[in-house]
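Here's the structure we're looking at; comments come further down.
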Amino acid sequence: MTVPRGFTLFLAASAGLLPGCSASSDESPTADRKAVEATVNRYVEATNKGDAQALAQLYEDDAVLLPPDHQPVEGRAAIGEFWRQGTDEGLEVTTLRLDVEGGLGYLVGQYTLPETDEEPADSGKTVMCLRRQPDGSWKVTADIWNSSVGDEDDDEDDTNPAPSIS
């Protein structure tokens with residue numbers, strides 16, 4: 001029986017999408033974790049230096065940035081423009097969870113920002129999703145954060161529980 005060439009290509013391409021069927025990485029899980037951590041460290045360094053260009057280069061071409069109180073920012077060029085409006089010095093990120101599976105990794109963490117002359121101190125949560133590039137480097141494909149600092153001017157009754165998703 002002859003298998004059509006297109007079907008063979010389909011099977012070969014699909015195999016990489018199935019868990020346990022992908023080609024093994026040249027990197028060990030420990031090396032992948034360290035590489036993801038190094039990318040996040042470069043992100044923090046670029047942010048603290050105000051280097052929007054270096055920061056934008058850490059994102060994939062089609063990455064999505066999801067800043068608080070802002071519409072999604074799509075694509076490296078638009079993300080670079082967003083960061084050129086300013087970054088915050090003193091950013092610190094503490095990793096709560098970091099996992100890598102195949103060519104995808106994610107970091108769940110907490111961030112802190114010190115008080116400045118223009119803004120009060122801030123802290124909150126962050127999730128960064130990263131993807132291994134063909135050259136073995138890791139780039140951010142999705143980036144979201146939100147503040148845990150409550151609005152002190154909020155007059156809502158805190159006795160009512162927040163809605164939950166079931």
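Both backbone and side-chain heavy atoms feed into the values below; hydrogens, waters and symmetry mates do not. Here the structure is a predicted model, which means the values were calculated and not measured.
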Can you name the closest pair of heavy atoms from [X] and [Y] and give their distance?
X      : Y      : result
Gly103 : Trp138 : O-CZ3, 3.4 Å
Gln110 : Thr126 : N-CG2, 4.3 Å
Gly80  : Ala52  : O-CB, 4.3 Å
Val149 : Ala121 : CG2-O, 4.4 Å

Side-chain ([X]) to main-chain ([Y]) donor-acceptor, under 3.5 angstrom:
X      : Y     : result
Lys139 : Thr39 : no
Asp62  : Gly75 : no
Asn146 : Pro68 : no

If you round to the nearest 0.5 Å, how far is [atom2] of [Y] from [atom1] of [X]?
X      : Y     : atom1 : atom2 : value
Glu74  : Tyr59 : CD    : OH    : 13.5 Å
Trp83  : Leu58 : CH2   : CG    : 11.0 Å
Leu130 : Leu98 : CG    : CG    : 8.5 Å
Asn48  : Thr87 : CG    : OG1   : 7.5 Å
Thr112 : Asp88 : OG1   : CG    : 11.0 Å

Co-membership, hydrophobic cluster, residues [X] and [Y], 4.5 Å side-chain:
X      : Y      : result
Leu107 : Leu96  : no
Trp145 : Val44  : yes
Leu113 : Val108 : no
Val100 : Tyr106 : no

Can you list the residues that meet the side chain to side chain donor-acceptor pair (under 3.5 Å) rule with [X], with sequence neighbours excluded?
X      : value
Asp61  : Arg76
Ser123 : none
Gln133 : Glu60
Lys34  : none

Determine whether [X] and [Y] make a side-chain contact, defined as any pair of heavy atoms from C-beta on separated by less than 4.5 Å.
X      : Y      : result
Thr116 : Glu89  : no
Tyr43  : Leu91  : yes
Tyr111 : Asp122 : yes

Sequence neighbours left out, what pairs pass salt bridge (charged side-chain N to carboxylate O under 4.0 Å, His left out) with at least one residue falling in residues 39-56?
none

Can you pull out every salt bridge (charged side-chain N to carboxylate O under 4.0 Å, His left out) where at least one residue sits in residues 104-120? Sequence neighbours excluded, please.
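The answer is none; no pair qualifies.
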
Applying side-chain contact (heavy atoms from CB on, under 4.5 Å), name anything that partners [X], two or more places apart in sequence or on another chain.
X      : value
Ile144 : Leu66, Val127
Ser148 : Lys125
Val73  : Leu65, Pro67, His70, Ala78, Ile79, Phe82

Partners of Arg84 by salt bridge (Lys or Arg N to Asp or Glu O under 4.0 Å), sequence neighbours excluded?
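Result, salt bridge (Lys or Arg N to Asp or Glu O under 4.0 Å) vs Arg84: Glu81.
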
Asp69 CG: over 12 foreign heavy atoms closer than 6.0 Å
no

